[in-house]
Structures are given as C-alpha cells and as structure tokens.
Amino acid sequence: MKQDTKIINAGRSAKWTNGVVNPPITRASTVVFNSVAEMNNAVANRHNQTMVYGRRGTTTAFAFSEAMTELEGGAGCALYPSGTAAITNAILAFVKQGDHVLMVDSAYEPTRDYCEKILTKMGVATTYYDPMIGAGIEALIQDNTVLVFLESPGSITMEVQDVPTISAIAHQHDCIVMLDNTWGAGINFKPFDYGVDVSVQAATKYIVGHSDVMLGTATAVEKYWPQLRDYSYLMGQCTSPDDLYLALRGIRTLGIRLKQHQQSAIKVAQWLQQRPEVAKILHPAFESCPGHEFFKRDFNGSNGLFSFVFNCGNKAALTAFLDGLHHFKMGYSWGGFESLILGITNVNSIRSATTFDCEFPLIRLHIGLEDVDDLIDDLSKGFERYN
Ligand SMILES: Cc1ncc(COP(=O)(O)O)c(CNNC(=O)CNC(=O)c2ccccc2[N+](=O)[O-])c1O
C-alpha cells in the first residue's frame with residue numbers, strides 16, 4: 001500500500017469505527033464489566049487494545065496509536081499530553097541514577113532544560129554533542145552511556161544529522177537511540193529504517209496540523225516497546241479522546257498538507273536566497289544547510305519550517321521587520337495551516353557544546369497554506385523596514 005493510501009486508512013480498522021468512517025470519540029474513566037471472568041479477561045488483555053480503565057486509553061486512543069505505528073512504523077505508540085511530555089517521559093523510561101545521556105546540542109530548548117533541571121536531580125549526567133558529529137559520537141560514549149538523543153533537523157538552526165551512522169555506533173555500545181522526529185512527521189523521515197529505537201513527535205505540530213491540540217507520541221521498536229508502554233502508564237500519562245479525534249482527523253490531510261507546505265517553503269526560500277540582506281538559508285533541501293547531504297539521502301521530503309540568517313542588522317531592525325507583518329504571526333509553535341515567524345538574536349544561548357556562526361539576527365519561518373505570493377509580498381515589506 002502506498003503512503004497516501006496508508007494515511008487515509010491508518011487507524012480505521014472496523015474494530016474502532018464500527019461502520020462509521022472516523023473512529024468515534026470514546027470518553028471514559030470507568031469501564032464496567034458484567035462478570036468476574038470478563039473483568040479478569042480485560043486485565044489480562046490490558047496491553048492488547050482492550051479497555052480496562054480510562055487512563056489506559058479507550059478505543060479512540062487505540063485507533064490513534066495504531067495509526068501512528070502504521071505510518072511511522074514501530075511496535076507500539078505511547079501517547080502524552082504534549083510533545084515535551086513525550087520527550088521527557090520517553091527518556092525517563094530508560095534512565096536511572098548513575099546513567100549518562102548524549103544529547104544533541106541543537107535540541108529544542110525545553111529538552112535541554114529537562115536534562116539540566118530534572119535529569120541532574122536524578123543523578124543522570126548529560127553530555128551535549130555537535131549535531132554534525134557523525135561517527136565522532138563514539139568518542140563521547142562512556143561505560144555508563146545508555147541513551148543517545150537526536151533531533152534532526154535541529155530546532156532553529158536546522159542541522160540534519162547522520163542518523164544511521166550515529167545509530168549504528170550507539171548500538172555497538174548497547175545504547176538506545178531516541179529521535180525527536182517532529183519535523184519528519186513520520187512521513188518524510190522513517191526513523192526505524194535508519195536505526196532509531198524510539199521516535200518521539202510533538203503531534204501538536206504537523207500531525208494535528210491545525211494549531212488546536214497539544215499532543216505527544218513516542219513510538220518504539222519491539223525491543224523497547226513494553227518498557228516505554230509500562231513507564232507511560234506508571235507516570236499516569238493519558239490523553240483526551242477529543243484531542244485524539246482531532247489528531248486522527250489531522251492525519252487524513254497530512255500528506256497533502258506537507259506537500260503544499262514544502263512547495264511554498266521552497267519558493268519562499270529561493271526568493272530569500274536572492275535578497276542582499278540574507279547570508280544563509282537554513283532549509284534542509286538547500287546546500288547551505290548543514291547536513292543537506294543527509295537530507296537528500298534519508299528524507300522523502302520537507303515541510304514549511306526553515307530558518308535564514310541575515311548578514312546585517314540588529315535587534316531594532318529585526319523588531320521593525322517583525323512588527324507590521326500581516327500574514328506571518330509571531331507564535332511559539334509551527335505545523336499548523338497558518339504562517340508563523342520567530343526572530344532570534346541569541347541562538348547560542350541555547351547551545352553549550354558548539355557555537356553556531358550567527359553574528360546577525362536569525363529568523364525561523366513556518367510557511368503555511370496561504371497563497372505563497374502573499375507571503376513573499378509580506379516578507380518583502382518586512383525587508384523594507386529592516387534597517
Ligand atoms: C522539535 C520539537 N520537539 C518538541 C516540541 C515540544 O512540543 P510541545 O509544544 O507539544 O510540548 C517542539 C515545540 N516547538 N515549539 C517551538 O518551536 C517554539 N519555539 C521555541 O520554543 C523557541 C523560541 C525561541 C528560541 C528557541 C526556541 N526553541 O524552539 O528552542 C518542537 O519544536
């Protein structure tokens with residue numbers, strides 16, 4: 001079955017839909033049973049898509065989890081109230097006091113905060129590594145290293161990592177490979193084809209696709225799925241069937257949305273490349289982006305999120321650029337149908353192992369589904385104010 005057909009069918013087994021097209025919203029805390037045997041059978045099958053109690057999920061959760069594993073691969077998908085909860089709980093499932101974690105230096109800032117403020121309290125040490133380290137990761141692996149965390153491309157600076165090389169070396173040292181695959185969305189990057197053991201996504205972004213649900217997913221290979229699932233339950237992680245209904249709805253247009261985001265973003269990036277004020281385009285599909293060669297080798301496509309660096313200007317100029325835009329709104333997210341913009345002048349304040357070459361302001365764009373000429377016109381007027 002081709003990907004676009006999988007997207008339409010994922011999670012729509014008759015056992016969940018019972019004849020209707022979309023898996024219905026099944027809300028529950030209590031699930032009741034008519035006999036001791038029925039109750040015992042449900043408990044015995046608690047890991048086999050059988051309803052026992054709301055916290056373990058209802059048929060809506062079973063349908064969405066199944067859809068994620070059908071699309072991204074893996075043996076099972078645990079659900080969390082946000083992408084950050086997915087990251088933190090997935091890591092927590094596999095570390096204990098005295099362990100060591102390797103964390104990519106270009107990680108999403110709250111991921112770094114978790115390592116600094118919570119893992120350290122638990123006695124888990126973190127070493128940050130250069131996203132472009134590749135095979136050099138081996139020199140950083142210690143006897144107590146248990147997990148290597150990747151985020152590719154990296155937040156804000158968009159470095160594409162050599163995932164299969166890092167995964168192969170990590171596995172030679174019995175380390176778990178965990179990837180924040182939010183940008184790849186399980187469609188443009190198939191994590192388990194490249195050695196990843198646990199793929200985490202902020203479904204908040206492209207999976208939901210409409211900026212109206214907070215949701216996280218962690219999908220694991222067979223070897224690690226039981227432990228991830230059990231720790232998710234132990235930590236009381238559960239999600240709203242109403243949110244999952246919206247996420248299932250989001251999945252149905254994921255393929256065509258990503259194609260449109262990709263098409264418009266590349267057109268905007270090509271236009272930006274010609275601007276005299278632009279020093280570098282940080283879009284994985286462009287040679288100027290670190291790891292572009294890995295994007296070409298490993299990815300099936302791109303989306304609406306990329307950054308660019310100015311070769312001039314300052315905070316005041318950046319503010320003038322940002323204020324007054326009509327179609328680009330400032331907001332701390334991405335992956336919805338709307339265009340967003342973030343102006344950043346301190347990218348190295350969220351790195352510790354490497355320094356990103358960024359003397360002038362950086363802008364991260366999320367190119368939405370608006371007409372791309374309107375978006376370019378909006379940015380063009382921004383450049384007129386940038387001085
Ligand atoms: C790759 C990735 N992975 C996980 C999450 C968290 O998902 P959640 O929002 O559902 O918890 C996210 C959420 N993304 N949110 C943003 O990118 C918002 N921007 C920022 O936080 C931001 C702003 C200024 C400077 C640096 C950052 N940053 O992303 O690190 C993510 O991008």
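Whatever order the structure lists ligands and atoms in, that order sets their numbers, starting from 1.
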Fill in: Residue pairs, two or more places apart or on separate chains, that pass salt bridge (charged side-chain N to carboxylate O under 4.0 Å, His left out) and touch residues 331-341
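Non-adjacent pairs meeting salt bridge (charged side-chain N to carboxylate O under 4.0 Å, His left out): zero.
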Practice prompt. Assign the ring pair Phe321 / Phe310 to parallel, tilted or perpendicular, where the plane angle (0 to 90°) is split at 30° and 60°.
Written response: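 Perpendicular: the ring planes of Phe321 and Phe310 meet at over 60°.
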Fill in: Glu159 bridged to Arg351 by N-O distance under 4.0 Å
yes
Practice prompt. Using a strict 4.0 Å threshold on nitrogen-to-oxygen distance, state whether Arg297 and Asp162 make a salt bridge.
Written response: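 Counted as a salt bridge, because a side-chain N and a carboxylate O are separated by less than 4.0 Å.
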Worksheet item: Do we get Arg112 above Tyr128's six-membered ring, with its NZ or CZ under 6.0 Å from the centre and within 45° of the axis?
Response: yes
Worksheet item: Distance under 6.0 Å and angle within 45° of the ring axis: does Arg257 meet both against Tyr206?
Response: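 Checked: cation-pi criterion not met.
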Response to the item:
Ordered by chain then number, the protein residues lying under 4.0 Å from ligand 1 by heavy atom are Ser82, Gly83, Thr84, Ile87, Tyr108, Glu109, Glu151, Ser155, Ile156, Asp180, Thr182, Ala202, Thr204, Lys205, Met214, Tyr332, Ser333, Trp334, Leu342, Ile350, Arg364
